[in-house]
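Here the structure comes first, spelled out in structure tokens, and everything after it is commentary.
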2 protein chains.
Amino acid sequence: MNVIKQFFRSAFSVDSVIFGFDEGDLKVLLIYRGADPYKGTWALPGDLVRLDEDLDDSARRVLNELTGLTNVYMDQIHTFGKVERHPLGRVITVAYYSLVKVSDYKVNASSWAKDVKWHSISSIPKLPFDHNEILEYAKNKLKDKVRHQPIGFELLPKEFTLTDIQHLYESVFEIELDKRNFRKKLLAMGLLIDSGFSQNAVAHRPARLYRFDKKKYQSLIQKGFSFEL
Amino acid sequence: MNVIKQFFRSAFSVDSVIFGFDEGDLKVLLIYRGADPYKGTWALPGDLVRLDEDLDDSARRVLNELTGLTNVYMDQIHTFGKVERHPLGRVITVAYYSLVKVSDYKVNASSWAKDVKWHSISSIPKLPFDHNEILEYAKNKLKDKVRHQPIGFELLPKEFTLTDIQHLYESVFEIELDKRNFRKKLLAMGLLIDSGFSQNAVAHRPARLYRFDKKKYQSLIQKGFSFEL
DNA sequence: TTAGATTAGTGTATAAAATACAATAATTAA
DNA sequence: TTAATTATTGTATTTTATACACTAATCTAA
């Protein structure tokens with residue numbers, strides 16, 4: 001027991017890659033650090049995990065403090081534990097990503113963040129700690145996951161056009177997709193509900209608006225269906 | 001700084017799901033715990049991470065102490081961090097799996113293990129901590145990974161028959177595969193080298209022995225090839 | 001020595017899925 | 001009314017997946 005106590009001198013943190021999708025572009029929410037270490041740099045939001053707090057709860061808390069959102073899709077990415085990754089001591093960090101609807105809320109700077117801003121995935125600055133590496137892991141994880149589970153819809157408003165979702169997949173996959181083939185495949189799964197409405201006030205033919213059919217999806221996977229795009 | 005110190009009262013551990021493949025069956029290496037907590041139960045091998053030790057190194061050390069092996073395929077699974085998961089304090093554990101060739105070595109009981117034994121994946125006892133949950137995660141991770149990367153070969157001896165590898169995939173996927181179609185797909189990738197030798201001393205037609213062509217694989221992925229079975 | 005048991009090795013036809021590709025429709029702005 | 005812009009739709013071709021059964025090589029035991 002005594003010999004074991006020497007191990008209880010480390011801390012763990014959670015860091016969150018918060019993805020959003022806006023203006024046809026994949027974005028990440030970064031904070032401008034208001035406290036040391038690395039005060040005055042853009043970084044991934046994160047915090048030390050409290051001793052009486054489950055790991056996942058901690059990640060949810062960080063997200064909630066920053067955005068006010070609850071019930072957000074969230075997934076653990078990877079745990080980063082190099083000895084020297086944190087200047088204040090031995091801290092390993094468990095990285096999460098979450099998918100939010102940019103339109104749903106307004107970002108709040110929190111106690112530890114002086115500023116908060118969406119950054120396009122294509123212009124991410126140099127980040128402190130191992131945050132750039134974490135972000136790379138997050139992008140790859142998202143790329144894999146979005147192909148096999150219908151989580152892309154978490155990034156879109158409740159009603160969206162087929163073009164919206166195609167652009168979303170194109171930004172995540174970083175390739176262009178064929179419009180007709182994409183729609184064929186997507187619609188063939190029968191997971192979209194035609195809302196009956198269309199866009200308005202657009203300077204071109206308005207697109208139909210669809211919703212994702214969560215209930216249908218649940219019942220299909222029960223029967224062994226597997227999503228793939 | 002002072003307020004931060006209260007967080008440095010936790011520990012982290014690594015736990016390893018060590019997979020092997022023998023007698024046509026997927027196996028996991030479990031230790032019989034010689035020390036508290038949970039003394040006298042079968043469990044996943046693991047240890048507390050030293051303060052001056054990188055996370056991945058720690059996982060490699062655990063594996064090496066137990067098996068003497070180095071340079072083993074290893075992958076991080078997930079991090080488990082429920083507050084009450086460890087009776088001695090706040091310990092989160094980072095789970096890894098590794099793939100070893102059962103034939104390559106003899107298992108050694110280590111300082112913390114009274115006994116070590118391969119357990120068939122189909123008859124795993126109730127394990128302490130959240131180890132059964134970890135094992136479930138490991139199986140699923142392996143299932144996904146083995147389909148998209150040629151890591152199955154890590155579980156086989158250098159030379160193996162087509163039937164060996166089919167059985168390996170069948171145990172991991174938990175479904176039966178069609179012999180002709182499986183071989184067609186596997187051989188079509190051009191990643192197997194016919195060793196020129198066959199089994200001997202088998203009471204039936206001997207099967208040809210193949211090797212995995214690692215160099216060819218490296219050069220193919222350079223060209224954008226992606227493994228899939 | 002031979003018959004039986006056992007596993008290895010092989011090809012083709014059919015069905016399903018992926019891909020390549022371009023013309024017409026609906027709206028706004030000028 | 002015309003130009004600009006984006007939405008919507010189908011078919012033919014290629015590729016991939018699937019279903020399926022007989023012959024070959026070795027050992028064992030009678």
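So that the names make sense, note that chain A is the first sequence line, chain B the second, and so on, each numbered from 1. Predicted, not measured: the structure shown is a model, and the values here were computed from it.
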Nearest-nucleotide wise, let me know which of A207(A) and P206(B) is further upstream toward the 5' end of DNA chain D. A207(A)

Would you check if the distance from the ring center of F129(B) to the ring center of F80(B) is below 6.0 Å? no

Out of dA8(C), dC20(D), dT28(C), which nucleotide sits closest to the side chain of A203(A)? dT28(C)

Please check: side-chain N/O of D194(A) versus main-chain N/O of Y210(A), any donor-acceptor pairing under 3.5 Å? no

Given K27(B) and H119(B), is the side chain to side chain contact (heavy atoms under 4.5 Å, CB included) satisfied, shown in steps? CA-CA 5 Å; K27(B) 306 249 154 104; H119(B) 289 245; over 6 Å; no

Taking atom C1' of dA17(C) as reference, at what distance in whole Å does atom CG of L229(A) sit? 14 Å

What is the nucleic acid contact for T163(B), judged by heavy atoms within less than 4.0 Å: base, sugar-phosphate only, or nothing? sugar-phosphate

To the nearest angstrom, how far is E176(A) atom CD from dA20(C) atom P? 13 Å

How long is the line joining OH of Y210(A) and C1' of dA7(D), in whole Å? 10 Å

Name the residue closer to the 5' end of DNA chain C, choosing between Q199(B) and D178(B) according to the nucleotide with the nearest heavy atom. Q199(B)

Separation of R183(A) atom CZ from dC21(C) atom P, in whole Å? 19 Å

Answer yes or no: does a side-chain N or O of R180(B) lie under 4.0 Å from OP1 or OP2 of dG9(C)? no

Nearest to the side chain of K179(B), heavy atoms from C-beta on, is which of dT10(C), dT19(C), dT6(D)? dT10(C)

I165(B) CD1 to dG9(C) P, straight-line distance once rounded to whole Å: 14 Å

Under 3.5 Å donor-acceptor, K114(A) side chain and R33(A) backbone: no

Under 4.0 Å, heavy atoms only, any strand: does R208(A) hit a base, just the sugar-phosphate, or nothing? sugar-phosphate

Can you see if the side chain of K185(A) gets near the phosphate of dA18(C) - specifically, an N or O under 4.0 Å from OP1 or OP2? yes

Could you give the CG-to-P distance, from L187(A) to dT9(D), as a whole number of Å? 8 Å

Taking all heavy atoms of P125(B) and all of L30(B), pick out the closest pair and write down the distance. CD-CD1, 4.0 Å

Between NZ of K184(B) and P of dT16(D) the distance, given in whole Å, is 12 Å

Regarding the side chain of R205(A), the nearest nucleotide among dA25(C), dT18(D), dT5(D) is dA25(C)

Among dT9(D), dT6(D), dT19(C), the one nearest N181(A) by side-chain distance: dT19(C)

Rounded to whole Å, the CG-P distance (L186(A) to dT9(D)) equals 13 Å

